Protein chains: 2
Amino acid sequence: MDGNNERLLTPGEVAALFRVDPKTVTRWAASGRITSIRTPGGHRRFRESEVRALLRGDSEAAPEGHPAAS
Amino acid sequence: MDGNNERLLTPGEVAALFRVDPKTVTRWAASGRITSIRTPGGHRRFRESEVRALLRGDSEAAPEGHPAAS
DNA sequence: CCCTAGTCGGGTAATTCGGGCC
DNA sequence: CGTGTCCGAATTACCCGACTAG
């Protein structure tokens with residue numbers, strides 16, 4: 001198995017998490033405030049770990065990978 | 001034995017990677033947005049390297065071959 | 001040969017996209 | 001500057017029944 005078990009969220013999911021409109025989430029991605037993965041169709045997907053870090057109030061950029069309990 | 005060690009992924013695998021419906025992946029292949037290999041039965045299969053490049057946001061899809069360090 | 005899971009095909013509703021405006 | 005809402009257009013998600021993969 002690949003260690004690539006990163007869960008992706010849809011704009012609507014992130015919008016519901018942040019209590020904002022999906023359009024706002026799209027603007028965050030356009031501003032580079034959040035990592036966005038684009039589907040061949042043009043739709044965006046967001047990393048669950050990244051969104052979680054933002055939700056926690058982590059101003060610092062979340063490091064890629066797993067937050068090893070150090 | 002051709003040196004073709006390319007791993008092929010099923011629509012369900014690609015769909016899970018992009019967090020989309022397997023039907024959507026099939027639509028990408030129908031639109032020519034992704035290289036699809038057809039089984040004698042009509043089922044589609046996708047190249048692991050191609051899917052990975054799409055996930056990375058690489059607009060330039062590797063036509064084929066291995067990513068030799070140039 | 002049989003079986004379970006996955007995929008195929010077409011059609012319709014929901015969501016998202018993009019730009020512009022308040 | 002950032003957010004919410006408008007529009008039209010594109011893309012995606014779920015419905016069904018039938019076939020393939022292993």
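Below, chains carry the letters A, B, ... as their sequence lines are ordered, and counting in each starts from 1. These numbers were taken from a predicted model, which means no experiment stands behind them.
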Checklist line | Shortest non-hydrogen contact between B/Thr10 and B/Arg45, atoms and distance | finding: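 That closest heavy-atom pairing would be CG2-NH2, 3.6 Å.
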
Next item on the list: Could you pull out the closest heavy-atom pair between B/Ala29 and B/Ser36, with the gap in Å?
Entry: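 Heavy-atom minimum between the residues: CB-CB, 3.6 Å.
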
Item checked: Which residues share a side chain to side chain donor-acceptor pair (under 3.5 Å) with A/Thr35, sequence neighbours left out ->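 Residues passing side chain to side chain donor-acceptor pair (under 3.5 Å) with A/Thr35: A/Glu50.
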
Short N/O separations, protein against nucleotides 1-3 of chain C, under 3.5 angstrom:
none

Notebook entry, point to check: Going by heavy atoms closer than 4.0 Å, what residues in residues 16-28 of chain A are next to DNA chain C?
Noted result: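 Heavy-atom cutoff 4.0 Å gives A/Pro22, A/Lys23, A/Thr26, A/Arg27.
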
Check: When you list every nucleotide of DNA chain D with an atom under 4.0 Å from a heavy atom of chain B, which one comes first 5' to 3', and which comes last?
Finding: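 The contact span of chain B on DNA chain D goes from D/dT11 to D/dA21.
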
Distance in Å, [X] [atom1] paired with [Y] [atom2], rounded so as to fall on 0.5 Å steps:
{"X": "A/Glu13", "Y": "B/Arg19", "atom1": "CD", "atom2": "CZ", "answer": "6.5 Å"}
{"X": "A/Leu54", "Y": "A/Arg47", "atom1": "CG", "atom2": "CZ", "answer": "13.5 Å"}
{"X": "A/Leu17", "Y": "A/Leu55", "atom1": "CG", "atom2": "CG", "answer": "5.0 Å"}

Notebook entry, point to check: Contacts to DNA chain D from residues 34-42 of chain A, heavy-atom cutoff under 4.0 Å, which residues?
Noted result: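 Those residues are A/Thr39, A/Gly41.
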
Next item on the list: With pairs defined as Watson-Crick or G-U wobble and both distances under 3.5 angstrom, please note down DNA chain C as a dot-bracket string, | for pairing with another strand.
Entry: ..|||||||||||||||||.|.

Item checked: Interatomic distance where NE2 belongs to A/His43 and P belongs to C/dT16 [whole Å] ->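 My rounded result for the distance is 8 Å.
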
Checklist line | Validation row, ring centre B/Trp28 to ring centre B/Phe46 under 6.0 Å | finding: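 Between B/Phe46 and B/Trp28, which both carry aromatic rings, the centre distance is not below 6.0 Å.
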
Next item on the list: Identify, between B/Glu13 and A/Phe46, the residue whose nearest nucleotide on DNA chain C lies closer to the 5' end.
Entry: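 In this pair, the answer is B/Glu13.
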
Item checked: A/Leu8 side chain near A/Glu48 side chain, heavy-atom distance below 4.5 Å ->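 A/Leu8 vs A/Glu48: side chains apart.
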
Next item on the list: State whether the side chain of B/Asp21 and the backbone N or O of B/Lys23 hold a donor-acceptor pair below 3.5 Å, judged by distance alone.
Entry: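 Yes; at least one donor-acceptor contact below 3.5 Å.
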
Notebook entry, point to check: Can you check side-chain contact (heavy atoms from CB on, under 4.5 Å) on B/Arg44 and B/Ile37, steps first, answer last?
Noted result: CA-CA 6 Å; B/Arg44 294 186 184 83; B/Ile37 301 176; over 6 Å; no

